[in-house]
Amino acid sequence: MTGMKRIIPIILLCCFSITVLAQDKVMLRPYIDQRKWHWGFSVGLNTQFLSINNNGAVYTPASGSASEEWYAQTQSYAPGFTVGVLGALRVTDFLELRLVPTLYFGEKTVGFKEQTQGTKATQIIKSTYVAVPLELKISGPRWNNNRAYGMVGLSPLVDLTVKKDKELLMNRFDCMIELGFGTEFYFSFFKLIPELKFCLGLADMINRKRTDLKDPDMLKYTQSVGSAYNRMVALTLYFE
């Protein structure tokens with residue numbers, strides 16, 4: 001009996017704890033999603049790279065030396081910085097249109113290798129993109145103070161920092177398809193929204209009009225690349 005007297009309070013305490021934990025939390029900012037317009041800002045990180053297709057072109061130097069066959073690939077990845085502003089229009093309880101003007105700061109490292117002699121070269125391509133994506137956000141139902149969503153968008157952009165007289169000359173303009181997902185966390189005074197997004201460029205970024213080159217033999221790098229498309233992964237924190 002003494003043992004039972006000790007066990008019963010423990011069981012009652014456990015049952016009380018489970019009951020408390022099972023109860024819904026207090027809904028913070030319950031009407032924030034009913035507003036027609038939402039405003040906010042974003043900061044985050046991004047990783048940029050190129051999806052390169054080599055064409056196996058054989059280049060004969062102007063000096064008359066042996067022919068060369070160069071191949072290119074993304075050599076390494078480096079984190080970049082993202083900052084933007086957010087404007088959103090509520091369409092329904094589960095659909096939202098977002099306009100997110102954003103600056104992406106980052107760089108891409110491309111490595112070149114000559115197949116016969118093994119000669120190597122490297123180019124670091126720094127980029128500052130100004131993007132104005134239009135996105136459709138599809139949200140699930142809110143659960144307590146969390147709400148998951150997926151998004152799809154189209155993002156035209158321009159690169160402000162194209163460098164000339166390099167191995168590859170990049171085009172300034174591109175348009176990206178965006179696919180991503182995130183979760184909204186509701187707090188007493190704001191919403192915090194982490195989002196992971198994958199961006200796929202639609203345009204070949206290689207500029208083949210190399211009137212900028214001072215050394216004509218530098219043209220071998222451009223000729224060796226059949227096409228190169230922008231790719232980016234962005235982890236963003238939105239504050240509303």
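All values reported here derive from a predicted model rather than from experimental measurement.
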When rounded to the nearest 0.5 Å, the distance separating CD1 of Ile32 from CD of Glu184 is 8.5 Å

Any Ile52 side-chain heavy atom under 4.5 Å of Asn54 side chain: yes

Using 0.5 Å steps for rounding, measure from the CD atom of Gln73 to the OG1 atom of Thr109. 12.0 Å

Evaluate the criterion side-chain hydrogen bond (donor to acceptor under 3.5 Å, both in side chains) for residue pair Gln123 and Lys166; output intermediate values, then yes/no. CA-CA 8 Å; Gln123 180 183 3; Lys166 300 293 182 180; over 6 Å; no

Does the side chain of Ser227 come within less than 4.5 Å of Tyr229's, by heavy atoms? yes

So, for Ala72 and Val110, which heavy atoms are closest and what is the spacing to 0.1 Å? CB-CG1, 4.0 Å

Quick one: does NZ or CZ of Arg147 land under 6.0 Å from the six-membered ring centre of Tyr186, within 45 degrees of the ring axis? no

Side-chain heavy-atom pair Lys36, Leu89 within 4.5 angstrom cut-off: yes

Do you see a donor-acceptor pair shorter than 3.5 Å between the side chains of Ser67 and Thr60? yes

When you compare the side chains of Asn53 and Ser51, does any donor N or O come within less than 3.5 Å of an acceptor on the partner? no

Membership question, hydrophobic clusters at under 4.5 Å side-chain separation (ILVMFWY): are Phe41 and Phe187 in the same one? yes

In terms of heavy-atom contacts, Asp174 and Gly201 come closest through OD2-CA, 3.6 Å

One pair to check against side chain to side chain contact (heavy atoms under 4.5 Å, CB included): Ser42 and Val85. What are the steps and the verdict? CA-CA 6 Å; Ser42 66; Val85 294; over 6 Å; no

Does Val100 belong to the same Ile/Leu/Val/Met/Phe/Trp/Tyr cluster as Leu200, with side-chain heavy atoms less than 4.5 Å apart forming each link? no

Can you give me the closest heavy-atom contact between Tyr221 and Ala121, atom names plus distance? OH-CB, 3.7 Å

Indicate yes or no: at least one non-hydrogen side-chain atom of Asn171 is less than 4.5 angstrom from one of Asp159. no

Where Ala228 and Asp204 come nearest, the two heavy atoms and their spacing: N-OD1, 3.0 Å

Any non-hydrogen side-chain atom of Ile125 less than 4.5 Å from a side-chain atom of Gln48? no

Ignoring hydrogens and geometry beyond distance, is a side-chain donor-acceptor pair present between Asn46 and Thr82 at under 3.5 Å? yes

Stepwise, does the side chain to side chain contact (heavy atoms under 4.5 Å, CB included) test hold for His38 with Asp33? CA-CA 8 Å; His38 298 254; Asp33 293 329; 4.1 Å; yes

Report yes if the side chains of Glu178 and Val152 come closer than 4.5 Å at any heavy-atom pair, otherwise no. no

Do Lys113 and Thr119 have side-chain N/O donor and acceptor atoms under 3.5 Å apart? no

Shared ILVMFWY cluster between Ile193 and Trp37, side chains joined below 4.5 angstrom? no

Checking Asp165 side chain against Lys214 main chain: does a donor-acceptor pair fall under 3.5 Å? yes

Between Asp212 and the options Arg208, Lys209, Arg210, the salt bridge (Lys or Arg N to Asp or Glu O under 4.0 Å) test singles out Arg210

So, taking the atom named CG in Leu28 and the one named CG in Asn145, what distance separates them when rounded to the nearest 0.5 Å? 4.0 Å

When rounded to the nearest 0.5 angstrom, what distance separates CG in Leu168 from CE in Met218? 9.0 Å

Would Trp70 and Tyr59 count as a close aromatic pair, with their ring centres under 6.0 Å? no

State, with a plain yes or no, whether a side-chain heavy atom of Glu135 is found less than 4.5 Å away from one of Lys197. yes

Arg231 to Phe198 six-membered ring, cation-pi geometry met (6.0 Å, 45°): no

Ring-face cation contact, Tyr149 with Lys137, 6.0 Å cut, 45° max: yes

Using distance alone, with no hydrogens and no angle criterion, decide if Glu69 and Tyr71 have a side-chain donor and acceptor under 3.5 Å apart. yes

Within the 6.0 Å centroid threshold, strictly below: Tyr77 and Phe49: yes

Would you say Asn230 and Tyr129 are linked by a side-chain donor-acceptor pair, where the criterion is simply a distance under 3.5 Å? yes

Verdict with reasoning, Leu192 to Tyr238, per side chain to side chain contact (heavy atoms under 4.5 Å, CB included): CA-CA 6 Å; Leu192 174 64; Tyr238 291 94; over 6 Å; no

Only counting residues at least two apart or in another chain, list the ones meeting salt bridge (Lys or Arg N to Asp or Glu O under 4.0 Å) with Asp217. none

Minimal heavy-atom distance between Ala57 and Ser224, with the atoms involved, is CB-CA, 4.5 Å

Indicate, with yes or no, if Tyr104 and Met170 share a hydrophobic cluster defined by side-chain heavy-atom contacts under 4.5 Å among Ile, Leu, Val, Met, Phe, Trp and Tyr. no

From CD (Glu96) to OG (Ser139), nearest 0.5 Å: 6.5 Å

When you look at Ser127 and Glu107, which way does the side chain to side chain contact (heavy atoms under 4.5 Å, CB included) test go after all the steps? CA-CA 6 Å; Ser127 299; Glu107 64 180 43; over 6 Å; no

In Å and rounded to the nearest 0.5 Å, what is the CD1 to CD distance from Ile124 to Glu167? 10.5 Å

Decide whether Val130 and Phe81 are clustered together by the hydrophobic rule: side chain heavy atoms of Ile, Leu, Val, Met, Phe, Trp, Tyr closer than 4.5 Å, transitively. yes

Side-chain contact, heavy-atom cut-off 4.5 Å: Val43 with Thr236? no

